[in-house]
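What follows is a single structure, written as structure tokens, with notes after it.
Quick caveat: nothing in here was measured; it's all calculated off a predicted structure.
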Amino acid sequence: TRPYCRGLRGLTLVGLRLGARAMASWHSGDVTDTHTLLLDLDRTLVDLQSYTNYSAALADVQDLVGEWSDVDVPTTDWDRATMSCMSVLHAFFGDARWSRISQTIARHERAAIPQSHLMPTVQECFGRLVSRPTAVITLLPRDVATDVLEFHGLRMGQEIDVVVGRDPAMRPKPEPDGVIEACRILGVAPGRATMVGDSTWDAQAALAAGATFVGVPADGFEEDMRAIVKLLPQARPRSSAPAPAPMRLAEGAEDGYAVE
């Protein structure tokens, strides 16, 4: 039995270990009523983060803007450099320098695409996952997100209906703006959507928007993804949506910038 939580305070319930490498899986509502599926990208569909040199990105951001004040964001299992790069996007939201900061980080994210790989079971479960309106909601810029998805055979307008990435006009996760925007584009109320993600930032964004959330942490990812697919209701077939290409072996994985 998977633990349930209701409301934002559920983020501290049993079953969610903040700051640990693994976030025990949990969900916040009845996924059997899912009309629309909202998917996080990094470490949910594809692992790009482990191969992105966020330490170098952070140094470039510091050269660009100097120091900045910390912002209050949820604890998660990212390393310090990754957390700082994502947090700076909150610290400078609404600032004229935000776009340059985002572009600076994006150069390092884009450079990691050739080393990235599909998460386990995504190929196996993909047809069932996208048999309903499907959006990807990510902290990556939309163009980088689209490129990494297409690199792994997940195409806009085919397997994926909508990609909502970081944008200067939209507060990034853990704020709910991206979830609300994806639901608006797809014409569905957030209450009829289920978001699948690997972090507390995904959970907070989904719950604040009024969507159901299901966690798929790195530990036990394969078992959890299979369990989600079994819970999802059958939906429309997509004859034009083949499974993504077989998982690519990460090139130079031993040299990647793995999350601690």
Side-chain angles (χ1 to χ4, degrees), residues 18-19 40-117 136-152 156 162-182 197-205 208 250-260:
L18 301 177
D40 173 51
L41 191 157
D42 213 342
R43 300 198 307 172
T44 299
L45 291 175
V46 175
D47 187 0
L48 181 73
Q49 179 179 321
S50 295
Y51 305 98
T52 300
N53 191 344
Y54 280 113
S55 294
L58 180 61
D60 288 347
V61 170
Q62 289 170 333
D63 288 344
L64 180 66
V65 298
E67 299 299 320
W68 59 87
S69 300
D70 289 338
V71 292
D72 185 18
V73 291
T75 304
T76 192
D77 68 344
W78 305 332
D79 65 11
R80 185 191 67 83
T82 304
M83 190 73 163
S84 294
C85 284
M86 297 302 103
S87 297
V88 73
L89 296 167
H90 286 271
F92 283 87
F93 184 76
D95 189 291
R97 294 168 290 179
W98 189 95
S99 291
R100 290 182 64 195
I101 292 168
S102 177
Q103 291 164 8
T104 297
I105 298 169
R107 286 198 297 270
H108 296 274
E109 294 165 330
R110 184 178 295 282
I113 292 176
Q115 286 75 47
S116 66
H117 61 81
V136 170
I137 304 168
T138 176
L139 286 165
L140 297 169
R142 187 180 185 279
D143 60 338
V144 175
T146 299
D147 286 351
V148 72
L149 290 169
E150 291 186 350
F151 182 79
H152 293 286
M156 274 293 298
V162 175
V163 173
V164 177
R166 67 179 186 242
D167 185 286
M170 188 182 306
R171 296 175 301 169
K173 290 184 288 188
E175 302 299 337
D177 302 28
V179 176
I180 293 168
E181 176 65 5
D198 71 295
S199 76
T200 53
W201 291 40
D202 299 321
Q204 184 162 316
E251 300 173 10
E254 68 275 15
D255 296 323
Y257 299 89
V259 175
E260 297 298 326

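Between P172 and M86 there is no side-chain heavy-atom pair separated by less than 4.5 Å. Annotation: side chain of R80 is in contact with side chain of L58 (closest heavy-atom distance under 4.5 Å). Side-chain contact between D198 and Q49 is absent, with no heavy-atom pair separated by less than 4.5 Å. Side-chain contact between S50 and H117 is absent, with no heavy atoms from C-beta onward closer than 4.5 Å. L89 places a side-chain heavy atom less than 4.5 Å from the side chain of I101. Residues M83 and Y54 form no side-chain contact, since every pair of their non-hydrogen atoms from C-beta on lies 4.5 Å or further apart. In this structure, M170 and V164 have side chains that are in contact, with non-hydrogen atoms separated by less than 4.5 Å. The shortest distance between side-chain heavy atoms of M156 and V163 falls below 4.5 Å.
Residues satisfying the ring pair (Phe, Tyr, Trp, His ring centres under 6.0 Å) test with W98, not counting sequence neighbours, are none. In this structure A59 satisfies the side chain to side chain contact (heavy atoms under 4.5 Å, CB included) test with no other residue, sequence neighbours excluded. A search for side chain to side chain contact (heavy atoms under 4.5 Å, CB included) contacts involving A106 returns E109, P141, V144, R166, not counting sequence neighbours. Remark: A111 pairs with no residue by the side chain to side chain contact (heavy atoms under 4.5 Å, CB included) rule, at least two apart or across chains. Applying the side chain to side chain donor-acceptor pair (under 3.5 Å) test to H108 and every residue at least two apart in sequence or in another chain returns D60. Partners of D167 under the side chain to side chain donor-acceptor pair (under 3.5 Å) rule, at least two apart in sequence or in another chain, do not exist in this structure. With sequence neighbours excluded, the residues forming a side chain to side chain contact (heavy atoms under 4.5 Å, CB included) with Q103 are S99, listed by chain and number.
Taking OG from S84 and CG from D79, the interatomic distance works out to 8.5 Å, rounded to the nearest 0.5 Å. Taking OG of S199 as the reference point, atom CG of L139 lies at 7.5 Å (rounded to 0.5 Å). One distance of note links CG of L41 with CG of D47; it measures 10.0 Å at 0.5 Å rounding. Distance check, rounded to the nearest 0.5 Å: CG of D147 to CZ of R142 gives 10.5 Å.
Nearest approach of P174 to W201, heavy atoms of both residues: CD-CE3, 3.3 Å. Residues P114 and F151 approach most closely at CA-CZ, 3.8 Å, considering heavy atoms. Here the closest non-hydrogen pair linking V148 and S116 is CG2-OG, 3.8 Å. Contact detail for A205 and P176: the closest heavy-atom pair is O-CB, 3.5 Å. Scanning all heavy atoms of the two residues, the minimum distance from V73 to S87 falls at CG2-OG, 3.6 Å. Closest heavy-atom contact between G197 and T44: CA-OG1, 3.6 Å.
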Q.
Using side chain to side chain contact (heavy atoms under 4.5 Å, CB included), reason through F93 and V71 one step at a time and then give a plain yes or no.
A. CA-CA 11 Å; F93 184 76; V71 292; over 6 Å; no
Q: Could you check I113 against Y51 for side chain to side chain contact (heavy atoms under 4.5 Å, CB included), going step by step and ending with a plain yes or no?
A: CA-CA 8 Å; I113 292 176; Y51 305 98; over 6 Å; no
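For residues 168-180, every residue pair satisfying the salt bridge (Lys or Arg N to Asp or Glu O under 4.0 Å) rule, not counting sequence neighbours, is listed here: D40-K173, R171-E175, R171-D177, K173-D202. Screening residues 81-101 for salt bridge (Lys or Arg N to Asp or Glu O under 4.0 Å) gives D95-R97 as the qualifying pairs, with residues at least two apart or on separate chains.
A side-chain donor-acceptor contact under 3.5 Å links D42 to the backbone of L48.
For D63, the CG atom counts as densely surrounded, since its 6.0 Å shell holds more than 12 non-hydrogen atoms of other residues, nucleotides or ligands.
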